[in-house]
Amino acid sequence: MKKLLFATTAIAMAISGSVPAFAEFNSRTIRVSNGINSDHPVGNGIKAMQQCLDEKSGGKLKLTAFWGGALGGDLQATQALRSGVQEAVVTSSSPLVGIIPALGVFDLPFLFASPDEAYKVLDGKFGDNMNEKLDAAGLINLAYWENGFRNLSNSQRPVTKWEDFSGLKVRVMQNNIFLDTFQNLGANATPMAFGEVYSALETKAIDAQENPYVTIDTSKFFEVQKYITETNHAYTPFLFLFSKPIFNTYTPEEQAALRECAIVGRDVERQVIAELNKKSLEKIKEAGLEVNQLSAEEQVRIREKSMVVYEKHKEQIGADIVDGILAELKTIRAK
């Protein structure tokens, strides 16, 4: 009898060890706000994250995405997270500078030379330090997703050096760092609503605009432009933010699953962004636009030229933040 009891207990322990411990998961609906549409690569990331959560939680943790700002703008949604009335938002860093000035570091011009550089910084110690600032503001950053690099298109001439910006009337976002960046290069920086850009380019009210390749493609700016320069002048990350007040009510297993699966979604989203950028660039070339890249030497020159913008905004962002990211990039580039 004792042998039978021992054997039964051993089998039960073996089975319990091989089956996911779904008991540590509660049934939860997690609302995720987005300012973009569902066909954006963030949609691919959300799907991959959900598949991961299904496996880990036995289907108990469910993401419900609200696209196109259906729950309000990114800033409004982020404030809802801080208040504990909404679970999550995928937002770019720029709208949150008013809450956490240090996030303005990602708006600084010509900061990253490549996606790989950006990933090493965001997924490393510097990204962790920024996450601590977010945590102090009532926000848990599960992972850095990607909005991508912005590049210049124009109707006047190829831009191969910073002097070529001189006199170009460039539409920019209403963002002080962006305004200072292009004015410093000699361009006439012109804030304008996105919906007005195509007609302004078509009527020659402006000469140029700056956006990721996918946006240049889908907005058909290539129809009213002649030149594209891969300036990579700004890299904006997306942040997958979770409400700290709500996150703290979750079990450790639920918290771990959300963090791990957000990274799974991040990797998928970044890969889709890269693939779409390649496709969009090919489409732009097929439309007959002349495309060029800045040389490595010119990247150094233009970054040095832009240091005045860093200095101007250093106090507002935080000298430790600006100096810290430049020091980390110097180390990365030395390897």
Side-chain angles (χ1 to χ4, degrees), residues 30-51 53 62-81 86-99 103 106-107 115 118-119 122 134 139 141-151 153 171-175 178 192-198 209-222 232 234-243 258 261-281 283-284:
I30 299 166
R31 293 165 295 172
V32 184
S33 176
N34 300 269
I36 68 282
N37 295 324
S38 59
D39 58 354
H40 188 278
V42 166
N44 301 85
I46 292 288
K47 289 178 182 177
M49 184 174 176
Q50 183 62 69
Q51 291 173 353
L53 288 172
K62 290 293 184 184
L63 302 177
T64 301
F66 291 84
W67 304 98
L71 295 182
D74 288 344
L75 180 57
Q76 181 183 347
T78 301
Q79 294 290 24
L81 265 61
Q86 182 180 316
E87 290 82 8
V89 63
V90 179
T91 174
S92 67
S93 55
S94 297
L96 310 186
V97 171
I99 301 173
L103 288 174
F106 297 123
D107 289 334
Y119 300 159
L122 294 170
L134 288 159
L139 301 163
N141 184 30
L142 298 180
Y144 289 96
W145 290 22
E146 182 163 87
N147 193 5
F149 276 107
R150 302 175 76 88
N151 296 295
S153 72
R171 179 268 176 182
V172 298
M173 294 187 294
Q174 182 63 57
N175 177 301
F178 274 65
M192 180 183 295
F194 183 78
E196 301 172 9
V197 175
Y198 185 95
Q209 65 81 48
E210 47 84 39
N211 264 296
Y213 284 138
V214 174
T215 303
I216 294 172
D217 171 16
T218 57
S219 300
K220 299 187 184 300
F221 292 151
F222 57 80
N232 285 350
Y235 176 92
T236 309
F238 275 137
L239 289 74
F240 199 116
L241 298 178
F242 210 95
S243 166
L258 284 166
C261 293
I263 291 173
V264 170
R266 174 201 72 189
D267 292 345
V268 169
E269 193 259 358
R270 286 177 177 175
Q271 181 60 39
V272 174
I273 283 268
E275 292 170 357
L276 283 181
N277 272 328
K278 289 179 182 177
K279 291 179 181 178
S280 291
L281 181 56
K283 188 174 179 180
I284 290 167

Checklist entry - Is any side-chain heavy atom of N151 closer than 4.5 Å to a side-chain heavy atom of N232? => result yes
Checklist entry - Where do L71 and V89 land on the side chain to side chain contact (heavy atoms under 4.5 Å, CB included) test, with the steps shown first? => result CA-CA 10 Å; L71 295 182; V89 63; over 6 Å; no
Checklist entry - Side-chain contact, heavy-atom cut-off 4.5 Å: L134 with L103? => result yes
Checklist entry - Rounded to the nearest 0.5 Å, how far apart are CD1 of I273 and CD of E269? => result 5.0 Å
Checklist entry - For K279, does the NZ atom sit with more than 12 other heavy atoms under 6.0 Å from it, leaving out its own atoms? => result no
Next on the checklist: Set out, in order, the CA-CA distance, both residues' side-chain angles and the distance that settles side chain to side chain contact (heavy atoms under 4.5 Å, CB included) for K62 and L53, then state yes or no.
Outcome noted: CA-CA 8 Å; K62 290 293 184 184; L53 288 172; over 6 Å; no
Checklist entry - Can you name the residues that form a side-chain contact (heavy atoms from CB on, under 4.5 Å) with I263, not counting sequence neighbours? => result A143, R266, D267
Checklist outcome for this item: Distance col, row L276:CG vs D217:CG, nearest 0.5 angstrom, shows 9.0 Å
Next on the checklist: Within this structure, what is the CG-CZ distance for the pair L122 and F106, rounded to the nearest 0.5 Å?
Outcome noted: 5.0 Å
Next on the checklist: Would you compute the distance between atom OG1 of T215 and atom CZ of F194 and round it to the nearest 0.5 angstrom?
Outcome noted: 5.5 Å
Item to check | Side chain proximity check, N175 to V97, heavy atoms < 4.5 angstrom | outcome: no
Next on the checklist: Minimum heavy-atom separation for I36 and F238, please, with both atom names.
Outcome noted: CG2-CZ, 4.3 Å
Item to check | Set of residues satisfying side chain to side chain donor-acceptor pair (under 3.5 Å) with respect to S94, sequence neighbours excluded | outcome: D107
Checklist entry - So, for W145 and I46, which heavy atoms are closest and what is the spacing to 0.1 Å? => result CH2-N, 3.7 Å
Item to check | Side-chain donor or acceptor of Q86 paired with backbone N/O of A88 under 3.5 Å | outcome: yes
Next on the checklist: Walk me through whether R150 and E210 qualify under salt bridge (Lys or Arg N to Asp or Glu O under 4.0 Å).
Outcome noted: CA-CA 6 Å; R150 302 175 76 88; E210 47 84 39; 2.6 Å; yes
Checklist outcome for this item: Separation between SG (C261) and CG (L63), nearest 0.5 Å, reads 8.5 Å
Item to check | Side chain proximity check, L239 to L139, heavy atoms < 4.5 angstrom | outcome: no
Checklist entry - Can you tell me how far the OG1 atom of T91 sits from the CG atom of L96, to the nearest 0.5 Å? => result 4.5 Å
Next on the checklist: To check you understand the geometry: which heavy-atom pair defines the closest contact between S93 and T236, and what is its length?
Outcome noted: OG-CG2, 3.9 Å
Item to check | Side-chain donor or acceptor of R171 paired with backbone N/O of M192 under 3.5 Å | outcome: yes
Item to check | Considering all heavy atoms, the nearest D74-S92 contact | outcome: OD2-N, 4.1 Å
Checklist entry - Using a distance-only test with no angle check, is there a side-chain donor-acceptor pair under 3.5 angstrom linking Q209 and S153? => result yes
Checklist entry - Quick one: does K278's side chain get under 4.5 Å of Y213's, heavy atoms only? => result no
Item to check | side chain to side chain donor-acceptor pair (under 3.5 Å) partners of E196, counting only residues at least two apart | outcome: none
Item to check | Sub-4.5 Å side-chain heavy-atom contact between E87 and T64 | outcome: no
Next on the checklist: Checking H40 against N34 for the side chain to side chain contact (heavy atoms under 4.5 Å, CB included) test, could you report, in this order, the C-alpha distance in whole Å, the side-chain angles of both residues, the deciding distance, and whether it holds?
Outcome noted: CA-CA 10 Å; H40 188 278; N34 300 269; over 6 Å; no
Checklist outcome for this item: Of all heavy-atom pairs linking S243 and L81, the shortest is OG-O, 2.7 Å
